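Right, I'll just put the structure down here and ask away after.
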Amino acid sequence: MPETQSVLRCGDFRLVLDHPLVMGVVNVTPDSFSDGGRYLDAGAAQAHARRLVEEGADLIDIGAESSRPGAEGIPAAEELLRLMPVLEGLRDLGVPVSVDTTKPEVMRAAIAAGATMINDITALRAPGALEAVAASGTAVCLMHMQGEPRTMQREPHYDDVVVEVKAFLATRIAAAEAAGIARERLVIDPGFGFGKTGEHNFELLRNLDRISEIGPPVMAGWSRKSSLGALTDGGPGGRLAASLAAALLAVQHGARIVRVHDVAATRNALAVLAAAEASRGDQ
Ligand code: 7PJ
C-alpha cells in the first residue's frame, strides 16, 4: 500500500493532512439548489468566502457552473463572467482558493487569477485539461462521475460500485502523473450523488477506506445532497444534521477533506470526533 500522503501542495500553500480539512463551498450560480442566486453579486460571494474562512475553512471552493442533476452546461464565457470578479477580490484570502470547473479555458484563467486548486467533477477528462493544470503548481481534485449532470441520475448502474470507482480514479491519477502533475498535488473523490443511487452512495461511504488505499487524500462531498434529503424531513436547510452525520462518517471511514456548505457546524462536529480519538491515547 502506498505511503499515506501527509501534505497537499496547492501552489505556494502546503496543507498538512494531520487532521481532517474542511473545504467551504461558495456558489456563484443562479440555479444551485441550496443557495442558488444568493451570492451572485461578486461582493456578496467574497464576503461569504471570508466568513467561511473565519468559521474555520481550510480552503474555499468556488463554483460558477451548476452540476446539480439535470443541469445544462453553460459556455466558458458565461462561467468566467461569474467567476473572475469573485476571484480577483480573494487574492489575500489566506487559504487556498479552489475553482470547481471542467473547462481548460476556465482553469487557465482561474489559475492566472490566483486559484491554487482545480476541483474537476470530470477528473481532467476534457481535452487540454491535464495540460492546463500541469502547467501550474495548483492542486487538483479528480472526481468520479458516471454520465454527465444532465442525465446522470436517470439510471445509474454498476456491477460493483466500489471496484469501478476505484479503478476509474486510479486511471485518472495515472493520467495526471503522466502529464506531470506531482502526487503531492492530487486529491481524489468518489463523487457522491454523481451518477449514483442512494444505495451506491452509502456503499461507497462504507468502503471509503478502500478508495483511500489508492494513495492520494480522499475528499467527500455529502453536504445538503438529495440522498440525505431522502432520509430527512424538510428542505435543503433541514439537511444540516444529516450533512454533519455524513461528514463525520466520511472522516471515520478515511476522508481527509470534507466539502461542506456549513463550515462552523462541521468544525464543531469534527471537534467531537477529534476529542473521542484523542481520548484513546489517554487510556
Ligand atoms: C461535489 C463537487 C463533490 C467535488 C459538487 C453540490 C453539488 N466537487 N462539486 N465533490 N459536488 N469534488 O455542491 O452539492 O461531491 S456540486
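In this text the structure is predicted, and so the values were computed from the model without any measurement.
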**OP:** With the side chain counted from C-beta on, respond yes when N27 and H261 share a heavy-atom pair under 4.5 Å apart, and no when they do not.
**Re:** yes
Subject >> Close side-chain approach of V187 to L142, heavy-atom, < 4.5 Å >> reply: no
Original post:
What ring pair (Phe, Tyr, Trp, His ring centres under 6.0 Å) pairs are there with at least one residue in residues 205-230, not counting sequence neighbours?
Top reply: F192-W222, F202-W222
Subject >> Sub-4.5 Å side-chain heavy-atom contact between V260 and V25 >> reply: no
**OP:** Side-chain contact test, heavy atoms from C-beta onward, threshold under 4.5 Å: evaluate it for F194 versus K225 and give yes or no.
**Re:** yes
Original post:
Can you find a pair of side-chain heavy atoms, one from P156 and one from Q146, that are under 4.5 Å apart?
Top reply: yes
Subject >> Pairwise side-chain contact, P96 with R14, heavy-atom cut-off 4.5 Å (strictly under) >> reply: no
N/O donor to acceptor pairs below 3.5 angstrom from side-chain atoms of residues 103-116, sequence neighbours left out:
| unit_1 | atom_1 | unit_2 | atom_2 | d |
| --- | --- | --- | --- | --- |
| K103 | NZ | E65 | OE1 | 3.4 |
| K103 | NZ | E65 | OE2 | 3.1 |
| K103 | NZ | I74 | O | 3.0 |
| K103 | NZ | E79 | OE1 | 2.5 |

Identify each donor-acceptor pair in which a side-chain atom of residues 122-133 lies under 3.5 Å from a protein atom, sequence neighbours left out, and give them as a table.
| unit_1 | atom_1 | unit_2 | atom_2 | d |
| --- | --- | --- | --- | --- |
| T122 | OG1 | D120 | OD1 | 2.7 |
| T122 | OG1 | D120 | OD2 | 3.3 |
| R125 | NE | T122 | O | 2.9 |

**OP:** Enumerate the residue pairs fulfilling salt bridge (charged side-chain N to carboxylate O under 4.0 Å, His left out) with a member in residues 240-254, sequence neighbours excluded, ordered by first and then second residue.
**Re:** none
Subject >> Residue list, side chain to side chain donor-acceptor pair (under 3.5 Å) with S212, at least two apart or on another chain >> reply: none
**OP:** Indicate the ring-plane relationship of Y158 and H200, choosing parallel, tilted or perpendicular according to the 30° and 60° boundaries.
**Re:** perpendicular
Original post:
What pairs meet the salt bridge (charged side-chain N to carboxylate O under 4.0 Å, His left out) rule with one or both residues in residues 251-268, with sequence neighbours excluded?
Top reply: D58-R267, D61-R259, D100-R259, R224-D262
Original post:
Does the pair R50/E54 count as a salt bridge with the N-to-O cut at 4.0 Å?
Top reply: no
